[in-house]
Amino acid sequence: MLNAIILQLGAVIMEYGAVGVLFAAFLEEIIAPIPSSLVAMFAGFFLLPTEYTWLQAVGAASLKVAIPMSIGVTAGSLVIYAAAYFGGKPIIIRYGKWLGISWTLIEQTEQKFIKGYADELILFAARALPFVPSVAVSSFCGLVRYPIKTFILLTLAGTFIRAMIMAMIGWHVRDAYIVYARIISQVEMFVFVAIGMALALFVFVRLRQKIKTAVAHKDSV
C-alpha cells in the first residue's frame, strides 16, 4: 500500500511540480501511513537537478518545495486542529472526570501556553525539527485552543525550515531518499508511540486513583 502511495505522489509531483508538492503535502499531513518527510525528500530528488550548485539548489528548493509544502502542511494541520478544537471539549466534559481532567484545567493550560515567547519557540521548533509528529502538535494546539493566527504563522515558518532541510537531503542523497525517509519516519513513529504510551500510563494511573478513592469512600460509609 505504501509503495503504491509513494508512486502516486511521485507522479503528481513530477507532473505538476510545486502545485503537486502542495497537494501531496496536504495529503501527507492528514493520511497517517505516509511518512512525513517523504514529500519534501521526493521533491528534492526529482525537482532539483543534480548539476545545481548548493546555492542554486537552495533557491530552487525554497520556491519549488519549501513554500508550497508549507502551505500544504498548514492546510492539512488546520484540519487536525479543527477536529481537536471542536471535538476536544465535548470529550473532556463527558469523560474528563474519569481521568481527573476538567475543561477548566484545559483553559488554564491554554492561558499558560500562550503567555510569552517561550511557547512560541517551542511550537516553532516542533514544526521545524524532523522526528516530531506533526499530528500530535496540531491536535494539542487544537485541544488547548491555541490562537489560530499564531498557529498558522508558526506552522508556515517552521514547516518551511523543515521542508528545506528534507528537500536538500533528498537532492544530496539522490535515489537513496526513500531509505532516509523511512528512517526518519520510523524515528517519528517511535516518538509518537512514546507519547501515546505516556498518555496511556497517565490514564491508567488516574483511573486507578479514581477506583481506590471510590472503594475507600464506600468502605468508610
Quick check: do [X] and [Y] have side-chain heavy atoms less than 4.5 Å from each other?
X: F42; Y: E28; answer: no
X: F124; Y: I161; answer: yes
X: Y81; Y: F86; answer: no
X: L123; Y: C141; answer: yes
X: Y52; Y: W171; answer: yes
X: V21; Y: L47; answer: yes

Expected list for residues 148-160: side-chain donor-acceptor pairs under 3.5 angstrom, two or more places apart:
{"from": "T155", "atom 1": "OG1", "to": "R127", "atom 2": "NE", "distance (Å)": "3.3"}
{"from": "T155", "atom 1": "OG1", "to": "F151", "atom 2": "O", "distance (Å)": "2.6"}
{"from": "T159", "atom 1": "OG1", "to": "T155", "atom 2": "O", "distance (Å)": "2.6"}

[X] to [Y] - nearest heavy-atom pair and separation:
X: L48; Y: A167; answer: CD1-O, 4.2 Å
X: M168; Y: A61; answer: SD-CB, 4.1 Å
X: L63; Y: A18; answer: O-CB, 4.3 Å
X: A163; Y: A40; answer: O-CB, 3.9 Å
X: S77; Y: E29; answer: OG-OE2, 3.1 Å

*Measuring from I169:CD1 to F45:CZ, what's the distance to the nearest 0.5 Å?*
15.0 Å
*Linking I/L/V/M/F/W/Y whenever their side-chain heavy atoms sit closer than 4.5 Å, directly or via other members, would M166 and W54 fall into one cluster?*
yes
*Would V65 end up clustered with I67 when hydrophobic side chains under 4.5 Å apart are linked, directly or stepwise?*
no
